[in-house]
Amino acid sequence: MQGLTASYTLEAPMYHDVMYDRDAAVGSYWEASAGDPVTDCAPLDGDEHCDVAIIGGGYTGLSAAYHLLRDDQMSVRVLEAGVPGWGASGRNGGHCCFGGAGLGANEIAEKFGVEVARENIDTQRASIDLVGDLAATEGLAIDRQGNGEFCVAHTPRANDELKDEVAMWKRLGGFDCELLTADAFFERGYRGPAVHGAMLFPFGFGLHPMKYARELARLAQRHGAVIHGRSPVTGWRRDGGKHRLLTPGGSVTAPKVLVATNGFTRDDLHPAFDGCLLPLISQIVATRPLSDDELKAHAWSSEEPLYDTRTMFSYFRVLPDRRLILGGAGGMSGSPASGRRWAAFLKRRVATMFPAWRDVPFDYTWRGFVCLTADRMTHLGEVKDDPGVFYSLAYHGNGVAMATWSGRAIAGLISGRANTAIPATMTQPLPRFAIPALRKLKFQGRFGIRLMKELLQLPR
Ligand SMILES: Cc1cc2nc3c(=O)[nH]c(=O)nc-3n(C[C@H](O)[C@H](O)[C@H](O)COP(=O)(O)OP(=O)(O)OC[C@H]3O[C@@H](n4cnc5c(N)ncnc54)[C@H](O)[C@@H]3O)c2cc1C
């Protein structure tokens, strides 16, 4: 490993600085409603040693810390640049559902074979169970909501495609998804324009993402994890056979390091990740709580999380306090002006999907990074030419369950006592984008063309 002896400052390499500002409030509903923050996570002060140093205090890092301590009693320190859950883990839509890879199950079957696709599907099911079991056995207060996840078809053609998808899940996953006609969905989900049917996926639920992140942090602490908030890793040195991570207040030296920084990973953190990750912005808007009459206007009855089939799809649900949250794309620059434009776009989307709510005021909007790779797969493992450096990254916007599972899986690799089978797709080498400087543009171009096709051909 070379080139990591210099310190650096935390500047935004790919997006506007404001996206990396740990001092400003994120502005999310989750932040406002999560209750007490995690205590005992003071910044690192002095030079410390431990078995495993974890960079990043989101679901990946916190799940890894908890499992390393619970199962292997290794000493662990988590270094988090903000506070626990500051990243995507405290800001997401709270859909604890299928996902993780950017490739669909069909595409994985084509590329890697049916057995590997099946392993991936089993892993996704296991990841949802893991969160549910953790919450139940450890008594985590996460505001669990609903049972399953709806996919709503916004055109007749999309509805036909859902039929193919149901058949695909049966063939590869061995389970049934329920197909609902528009009329059946009006009884179970909600009533609105451009609804042509729906699929009820039998796994998944909603949760309060910031409460979950904080509960996971407290759980790890109860097992002995030391969490340092406001402790950005700003330099990385080799010290004999060990790694020394530098922060403004001191350093942690450890034989093993886990990189759990996902969409907030700087290219210069470590050469193994330089040019390998593509952070993309996802943004959410939240209304004020809806009245009974307003809910009745769309015959809202779903407790399940939902998403739709639009190319720029929306994910949404009505929360236990009856406010609608709806998320989707969040622009490519991260500037405050762009944040306002995309919030306006999402509010128009709410008005299109739920005309009766077009005048309902919005209380919150916020955004954060999801993380993609060039091969659109989640990756976890040990860096080949730098022993002791482990990573678990890239859940393609679906990390609530998968980051929790991956944190446990990587803990097993770190301790050497493998705790689960890991699908072969996840342990492939992490590829670099062909032209890293253009990775955002390439994505924008591909997505732009698909979006234009949708706008030209299909009703909105
Ligand atoms: C708006 C939005 C909506 C989403 N909705 C969903 C959803 O509904 N369902 C779903 O499954 N997934 C969703 N996701 C994705 C999901 O939130 C992520 O996949 C998951 O939280 C990733 O967890 P993580 O711990 O790997 O990363 P993060 O939670 O992003 O944590 C990484 C942490 O690393 C820290 N860090 C970075 N660099 C350093 C450094 N140098 N030193 C110290 N710390 C550092 C950051 O401060 C950050 O807190 C959404 C994401 C966003 C942004």
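Q145 places a side-chain N or O within donor-acceptor distance of the main-chain N or O of V318, the cut-off being under 3.5 Å. Between the side chain of W405 and the backbone N or O of Q124 there is no donor-acceptor pair closer than 3.5 Å. Checking side-chain atoms of E138 against main-chain N and O of L219 turns up no donor-acceptor pair under 3.5 Å. Put simply, the side chain of T181 never gets that close to the backbone of G197: no donor and acceptor are under 3.5 Å apart. Between the side chain of S89 and the main chain of G85, no donor-acceptor pair closer than 3.5 Å is present. Side chain of E80 to backbone of W86: no donor-acceptor contact under 3.5 angstrom is found. Side-chain atoms of R22 do not come within 3.5 Å of backbone N or O of V83 as any donor-acceptor pair. Proximity of a side-chain donor or acceptor of T287 to a complementary backbone N or O of L324 within less than 3.5 Å is detected. Between the side chain of H154 and the main chain of D308, no donor-acceptor pair closer than 3.5 Å is present. Judged by distance alone, the side chain of S63 and the main-chain N or O of T404 form a donor-acceptor pair under 3.5 Å.
Side-chain contact between I284 and S28 is absent, with no heavy-atom pair separated by less than 4.5 Å. Side-chain contact between K440 and L278 is present, with at least one heavy-atom pair separated by less than 4.5 Å. Side-chain contact between E165 and C177 is absent, with no heavy atoms from C-beta onward closer than 4.5 Å. For the pair S314 and M353, the minimum side-chain heavy-atom distance is below 4.5 Å. In this structure, I281 and M332 have side chains that are not in contact, with every pair of non-hydrogen atoms separated by 4.5 Å or more. At least one side-chain heavy atom of M402 sits less than 4.5 Å from a side-chain heavy atom of S127. Inter-residue side-chain proximity for T373 and L277 is flagged as met; some heavy-atom pair is nearer than 4.5 Å. Proximity of P355 to H298: side-chain heavy atoms (C-beta onward) are separated by under 4.5 Å at one or more points.
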### Task
Could you walk me through whether Y212 and N92 pass the side chain to side chain donor-acceptor pair (under 3.5 Å) test, one step at a time?
CA-CA 11 Å; Y212 176 46; N92 58 71; over 6 Å; no
### Query
Checking side chain to side chain donor-acceptor pair (under 3.5 Å) for the pair N262/T60: CA distance, chi angles, key distance, verdict?
CA-CA 9 Å; N262 209 41; T60 305; 6.0 Å; no
### Task
Take L246 and W236 through the test side-chain contact (heavy atoms from CB on, under 4.5 Å) and record every step on the way to the result.
CA-CA 6 Å; L246 310 181; W236 190 328; over 6 Å; no
### Query
When you look at I54 and I227, which way does the side-chain contact (heavy atoms from CB on, under 4.5 Å) test go after all the steps?
CA-CA 9 Å; I54 296 177; I227 301 177; over 6 Å; no
### Task
Give the intermediate values and the outcome of salt bridge (Lys or Arg N to Asp or Glu O under 4.0 Å) for residues R218 and D40.
CA-CA 9 Å; R218 292 185 191 106; D40 296 328; over 6 Å; no
### Task
List the steps, then state whether side chain to side chain donor-acceptor pair (under 3.5 Å) holds for Q283 with T365.
CA-CA 7 Å; Q283 185 153 342; T365 183; 3.2 Å; yes
### Message
Checking R77 against H228 for the side chain to side chain donor-acceptor pair (under 3.5 Å) test, could you report, in this order, the C-alpha distance in whole Å, the side-chain angles of both residues, the deciding distance, and whether it holds?
### Response
CA-CA 7 Å; R77 283 181 189 259; H228 297 289; 2.8 Å; yes
### Query
When you look at Y20 and F369, which way does the ring-ring contact (aromatic ring centres under 6.0 Å, His included) test go after all the steps?
CA-CA 10 Å; Y20 304 84; F369 289 129; 5.5 Å; yes
### Task
Show your working on side-chain contact (heavy atoms from CB on, under 4.5 Å) between F362 and L346 and close with a plain yes or no.
CA-CA 11 Å; F362 289 84; L346 293 171; over 6 Å; no
### Task
Test F273 against V383 for side-chain contact (heavy atoms from CB on, under 4.5 Å), laying out the working first.
CA-CA 9 Å; F273 314 110; V383 174; 4.0 Å; yes
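At a threshold of 4.0 Å, the pair D160-K163 counts as salt-bridged, since one of the basic side-chain nitrogens sits closer than that to a carboxylate oxygen. Under 4.0 Å is where a charged nitrogen must lie from a carboxylate oxygen, and between R322 and E303 at least one such pair does. Using a 4.0 Å cut-off between charged side-chain N and carboxylate O, D267 and R432 make no salt bridge.
The environment of CG in D36 is sparse: at most 12 heavy-atom neighbours from other residues, nucleotides or ligands sit within 6.0 Å.
Taking the six-membered ring for Trp and thresholds of 30 and 60 degrees, F98 and F201 have ring planes more than 60 degrees apart, a perpendicular arrangement. Ring pair W366/W30 is perpendicular by interplanar angle, where above 60° counts as perpendicular and below 30° as parallel.
Residue I55 comes nearest to T261 through the heavy atom pair O-CG2, 3.5 Å, listed as atom of the first residue, atom of the second, then distance. The shortest non-hydrogen separation linking P305 to C97 is CG-SG, 4.3 Å. Across Y364 and R323, no two heavy atoms sit closer than the pair CE1-NH1, 3.6 Å. In this structure, H379 and T425 approach most closely via the heavy-atom pair CE1-O, 4.3 Å.
The distance from the CD1 atom of I410 to the CG atom of L380 is 5.0 Å, given to the nearest 0.5 Å. Put simply, CD on E161 and OG1 on T309 are 8.0 Å apart, with the number rounded to the nearest 0.5 Å. Rounded to the nearest 0.5 Å, atoms OG (S392) and CE (M426) are 8.0 Å apart. Considering CG of L134 and CD of E215, their distance stands at 11.0 Å, rounded to 0.5 Å. Rounded to the nearest 0.5 Å, atoms SG (C276) and CG (L430) are 4.0 Å apart. Expressed to the nearest 0.5 Å, how far OH of Y190 lies from CZ of F185 amounts to 5.0 Å.
In this structure, R367 forms no cation-pi arrangement with W342, as its terminal cationic atom is not both closer than 6.0 Å to the ring centre and no more than 45° off the ring axis.
Y59 and Y66 have their aromatic ring centers separated by at least 6.0 angstrom.
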